[in-house]
Number of protein chains: 2
Amino acid sequence: MAAPRLRLAPAERRQQIIDAARQLYADRPYDDVSTAELAEAAGVARGLINHYFGDKRELFLAVMRESILMPERALPDYEGRTLEERARLTMDWILDAATTYGQAWIAASGAANLHGSSDIQAIVDEADDRAARLVLDAVGLPDSPHLRARLRPVAALTKAVCREWLQRGSLTRAEALDLLTDSLLLFVRKEPT
Amino acid sequence: MAAPRLRLAPAERRQQIIDAARQLYADRPYDDVSTAELAEAAGVARGLINHYFGDKRELFLAVMRESILMPERALPDYEGRTLEERARLTMDWILDAATTYGQAWIAASGAANLHGSSDIQAIVDEADDRAARLVLDAVGLPDSPHLRARLRPVAALTKAVCREWLQRGSLTRAEALDLLTDSLLLFVRKEPT
DNA sequence: ATGCTTGTTGACACTGTGCCAATAGCCGGG
DNA sequence: CCCGGCTATTGGCACAGTGTCAACAAGCAT
């Protein structure tokens, strides 16, 4: 049973550890899972984790980076549609993505600077920012710092609504779509100055 | 200098510990501050923390409960105003509260179930729920489970917008007020079914 | 085969947490 | 005014979890 000490390429082993960790973190909180467990799940000595990631937290961050970011995959092409239509289609696509993909995304909502020196907050922020850019592109608007600042909160809103819909069942999908579409339009329009 | 072992009423000492802890947690993440520090800051032996709270996490939760919840203080009376006016006045009041009060509130945005078995998430949820009720009352609408489900995400949105405004400076107060007011109206109106 | 490179291991030291019996404030009765 | 008891408070103990590091060995090159 004792795995006869296999030797892998660094990138490969690194990924293997991350994958094992992701499964554990999927339904257990950060400080509830020990490095010992992490190591065992990956079939690896405890020391190796420190060797590759230096730190337990750093491994966690690596996992988050992988699971939180929305798929870069380009959105469908909405050439020729009106702004309203594009907004709705985009939100619809996001809701789909959330269903299959976004458990971690929703969960991490705002992992908050409570947690660790706000490293996590930074990652969540980056995810939101990326989502904002994605949406701007999909809707066909130019990418400006100000517009992005307006859209980042929409990402937070989206996550909260998805939580109500998916985890609490207190909103229907249709209702969520309506609300989010209108919100998106609201935040995109009425530029001041 | 050695404090000659003062004996206090349980409630008093408990509060004293919480207050000291709050200051530490104000600008340092949870697991970065040790029980030793907590104890020293409160001028108390380490064991006493476990005596009163049982657990380090439990103390943290106690602090959160105190700092996250919005002031219960009743909102001004908006008798005779239109819905739009009341929405704007309410949001204006909330923005004020956020300025002075809500650092922790914003910070904790969605402390997430990553952190600890989702105890914290529960607290944040309660805070959001309370905020939702508060707003419903202020705006003069009946308190229904469904309306509350719609308003909780607005709480998340509000926090995100406040973060852009207060911490990043990427939105002006006026802009934030506009966006939030319209959003609030959006989520309150168009009841389905 | 044999040596070298480097991925991998296991043991060690240390910090931080929770627990518990011992200590000593404070308030009451004598 | 002194004394005894209730209980708030302490300090030390045991243990779990983390990071470090020198030694080990798998695979490649020669």
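Chain naming here is simple, since letters A, B, ... match the order of the sequence lines and numbering starts at 1 in each. Keep in mind the model is a prediction, meaning the values are calculated, not measured.
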Stretch residues 8-19 of chain B: residues that reach within less than 4.0 Å of DNA chain D through a heavy atom: Leu8(B), Pro10(B), Arg13(B)
Sequence-distant partners of Glu37(A), salt bridge (charged side-chain N to carboxylate O under 4.0 Å, His left out), two or more places apart: Arg28(A)
Sidechain-backbone polar pair: Glu164(A) side chain, Pro153(B) backbone, donor-acceptor under 3.5 Å: no
Those residues that, when tested against Glu84(B), pass salt bridge (charged side-chain N to carboxylate O under 4.0 Å, His left out) (two or more places apart): Arg189(B)
Qualifying residues under salt bridge (charged side-chain N to carboxylate O under 4.0 Å, His left out), relative to Arg81(B), sequence neighbours excluded: none
Lys/Arg-Asp/Glu bridge criterion (N-O < 4.0 Å) met for Asp128(B), Arg148(B): no
Partner residues of Thr35(B) under the side chain to side chain contact (heavy atoms under 4.5 Å, CB included) criterion, sequence neighbours left out: Arg46(B), Lys56(B)
Residues which pass side chain to side chain donor-acceptor pair (under 3.5 Å) with Thr172(B), listed by chain and number, not counting sequence neighbours: none
Test side chain to side chain contact (heavy atoms under 4.5 Å, CB included) applied to Leu184(A) - qualifying residues, sequence neighbours left out: Ala87(A), Met91(A), Val135(A), Val139(A), Leu151(A), Val188(A)
Interatomic distance where CG belongs to Asp31(A) and P belongs to dT18(D) [whole Å]: 9 Å
Tyr30(B) six-ring face occupied by Arg57(B) cation (under 6.0 Å, within 45°): yes
Backbone of Tyr78(B) reached by a side-chain donor or acceptor of Arg86(B) within 3.5 Å: no
Nucleic acid contacts - residues 46-55 of chain A versus DNA chain C, non-hydrogen atoms under 4.0 Å: Gly47(A), Leu48(A), His51(A), Tyr52(A)
Contact list for residues 10-23 of chain B, test salt bridge (charged side-chain N to carboxylate O under 4.0 Å, His left out), sequence neighbours left out: Asp19(B)-Arg22(B), Arg22(B)-Glu66(B)
Segment of DNA chain C, first to last nucleotide, that comes within the 4.0 Å heavy-atom reach of chain B: dT17(C) to dC26(C)
Which pairs, protein N/O on one side and nucleotides 26-30 of chain D N/O on the other, fall under 3.5 Å?
from: dA26(D); atom 1: N3; to: Arg7(A); atom 2: NH1; distance (Å): 2.7

Residues in salt bridge (charged side-chain N to carboxylate O under 4.0 Å, His left out) contact with Asp55(A), at least two apart in sequence or another chain: none
